[in-house]
Amino acid sequence: LNAEVCNKVVESVDDAADWVRSTFLFTRIRKNPQLYGLGHQKPDNEVVSGFLNEKLRAAFQELTAAGIVEFDSDGLVVTALKPSQIMSRFMLKLDTIKKILEMPLDANLDDILHTLSTTVELIR
């Protein structure tokens with residue numbers, strides 16, 4: 001979701017809902033709803049959309065709380081902040097950018113290397 005906001009594919013909550021309906025995830029949920037906790041029967045598009053809209057809301061809240069994106073005063077238009085651009089450009093996971101943002105501004109090289117060496121991107 002962050003990459004889509006950063007690349008201006010998603011610029012609002014409505015854009016996000018439209019975008020997610022065009023993803024392979026939408027198709028996978030319809031084909032295998034049990035895997036996603038939606039029961040055994042094939043759900044209709046409205047049920048899948050509602051499920052994904054809840055996931056989008058939670059993801060937007062997490063990105064906003066972490067200072068990755070921000071919404072306008074109406075809460076409709078989303079904008080990528082600098083951490084969003086860094087996260088997208090270097091394909092960083094949310095936990096990694098959170099660790100980086102939590103580092104003190106006066107962190108020394110040892111602190112920076114320690115923080116980066118504990119990220120999932122480098123552990124693998």
Side-chain angles (χ1 to χ4, degrees):
L1 180 60
N2 175 66
E4 304 306 327
V5 171
C6 193
N7 290 318
K8 298 187 188 253
V9 171
V10 169
E11 295 184 286
S12 69
V13 174
D14 290 338
D15 286 349
D18 291 341
W19 166 75
V20 80
R21 281 192 297 271
S22 71
T23 65
F24 185 62
L25 177 60
F26 188 87
T27 303
R28 290 294 311 137
I29 291 172
R30 287 198 30 91
K31 298 278 185 193
N32 193 0
Q34 186 178 4
L35 183 65
Y36 300 93
L38 293 177
H40 297 285
Q41 300 211 1
K42 185 177 176 183
D44 61 17
N45 286 349
E46 200 170 299
V47 170
V48 176
S49 291
F51 173 77
L52 288 172
N53 285 343
E54 286 300 315
K55 297 293 184 189
L56 286 171
R57 270 192 273 290
F60 274 134
Q61 286 175 347
E62 191 170 15
L63 289 170
T64 301
I68 309 298
V69 301
E70 69 180 3
F71 281 89
D72 68 351
S73 59
D74 296 328
L76 300 176
V77 178
V78 63
T79 305
L81 300 175
K82 192 65 174 177
S84 171
Q85 296 165 0
I86 294 167
M87 192 175 158
S88 181
R89 181 173 182 190
F90 296 105
M91 295 183 285
L92 300 177
K93 294 191 178 291
L94 182 57
D95 287 342
T96 297
I97 197 72
K98 283 180 177 179
K99 284 181 181 181
I100 292 169
L101 292 172
E102 289 170 358
M103 289 188 337
L105 294 176
D106 62 346
N108 61 36
L109 184 58
D110 288 341
D111 294 335
I112 294 168
L113 289 175
H114 175 73
T115 299
L116 294 178
S117 68
T118 62
T119 63
V120 70
E121 292 86 350
L122 290 178
I123 292 173
R124 291 183 183 182

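Predicted, not measured: the structure shown is a model, and the values here were computed from it.
When all heavy atoms of Val20 and Phe26 are compared, the pair lying nearest together is O-CB, 3.6 Å. What you find for Thr23 and Trp19 is that their closest heavy atoms are CG2-O, 3.4 Å. Closest non-hydrogen pair, Val78 versus Val10, comes out as CG1-O, 4.0 Å. When all heavy atoms of Ser12 and Asp15 are compared, the closest pair comes out as OG-N, 3.0 Å. Taking every heavy atom of both residues into account, Thr79 and Val5 meet most closely at C-CG1, 4.2 Å. In terms of heavy atoms, Ala80 sits closest to Cys6 at CB-CA, 3.8 Å.
We find the CD-CD distance between Glu11 and Glu4 to be 11.5 Å, quoted to the nearest 0.5 Å. Interatomic distance, CG of Leu113 versus CG of Asn108, reported as 9.0 Å (0.5 Å rounding). Residue Leu101 holds its CG atom at 7.5 Å from CD1 of Ile86, rounded to the nearest 0.5 Å.
Taking Leu94 as the reference, Glu62, Leu63, Ala66, Ile68, Met87, Ile97, Lys98 meet the side chain to side chain contact (heavy atoms under 4.5 Å, CB included) condition, with sequence neighbours excluded. Residues satisfying the side chain to side chain contact (heavy atoms under 4.5 Å, CB included) criterion with Asp18, sequence neighbours excluded, are Arg21. Taking Val13 as the reference, Phe71 meet the side chain to side chain contact (heavy atoms under 4.5 Å, CB included) condition, with sequence neighbours excluded. A search for side chain to side chain contact (heavy atoms under 4.5 Å, CB included) contacts involving Ile112 returns Met103, Ala107, Leu116, not counting sequence neighbours.
Within the structure, salt bridge (charged side-chain N to carboxylate O under 4.0 Å, His left out) contacts touching residues 37-56 (residues at least two apart or in different chains) are Glu54-Arg57. Residue pairs meeting the ring pair (Phe, Tyr, Trp, His ring centres under 6.0 Å) criterion with at least one member in residues 79-113: none, sequence neighbours excluded.
Without hydrogens or angle criteria, Asn32 side chain to Arg28 main chain gives no donor-acceptor distance under 3.5 Å. When atom types are taken as modelled, the side chain of Asn7 and the backbone of Val9 share no donor-acceptor pair closer than 3.5 angstrom. A donor-acceptor contact shorter than 3.5 Å links the side chain of Lys99 to the backbone of Thr118.
In the hydrophobic cluster analysis, where Ile, Leu, Val, Met, Phe, Trp and Tyr join through side-chain heavy atoms closer than 4.5 angstrom, Leu35 is grouped together with Val48. Hydrophobic cluster membership differs between Leu81 and Ile100, with clusters built from Ile, Leu, Val, Met, Phe, Trp and Tyr side chains linked at under 4.5 angstrom. Connection of Leu52 to Val47 is not established within any shared hydrophobic cluster, with ILVMFWY side chains joined at heavy-atom distances below 4.5 Å, either directly or through further cluster members. Phe60 and Leu76 fall into different hydrophobic clusters, defined by Ile, Leu, Val, Met, Phe, Trp and Tyr side-chain heavy atoms under 4.5 Å apart, directly or through other members.
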Chi angles and distances behind the side-chain contact (heavy atoms from CB on, under 4.5 Å) call for Val120, Asp95: CA-CA 9 Å; Val120 70; Asp95 287 342; over 6 Å; no
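Counting only N and O atoms by type, the side chains of Thr96 and Glu121 include a donor and acceptor under 3.5 Å apart. Of the N and O atoms on the side chains of Ser84 and Asn2, at least one donor lies less than 3.5 Å from an acceptor on the other residue.
Side-chain atoms of Asp110 and His114, non-hydrogen and from C-beta on, never get closer than 4.5 Å to each other. Inter-residue side-chain proximity for Asn45 and Arg30 is flagged as met; some heavy-atom pair is nearer than 4.5 Å.
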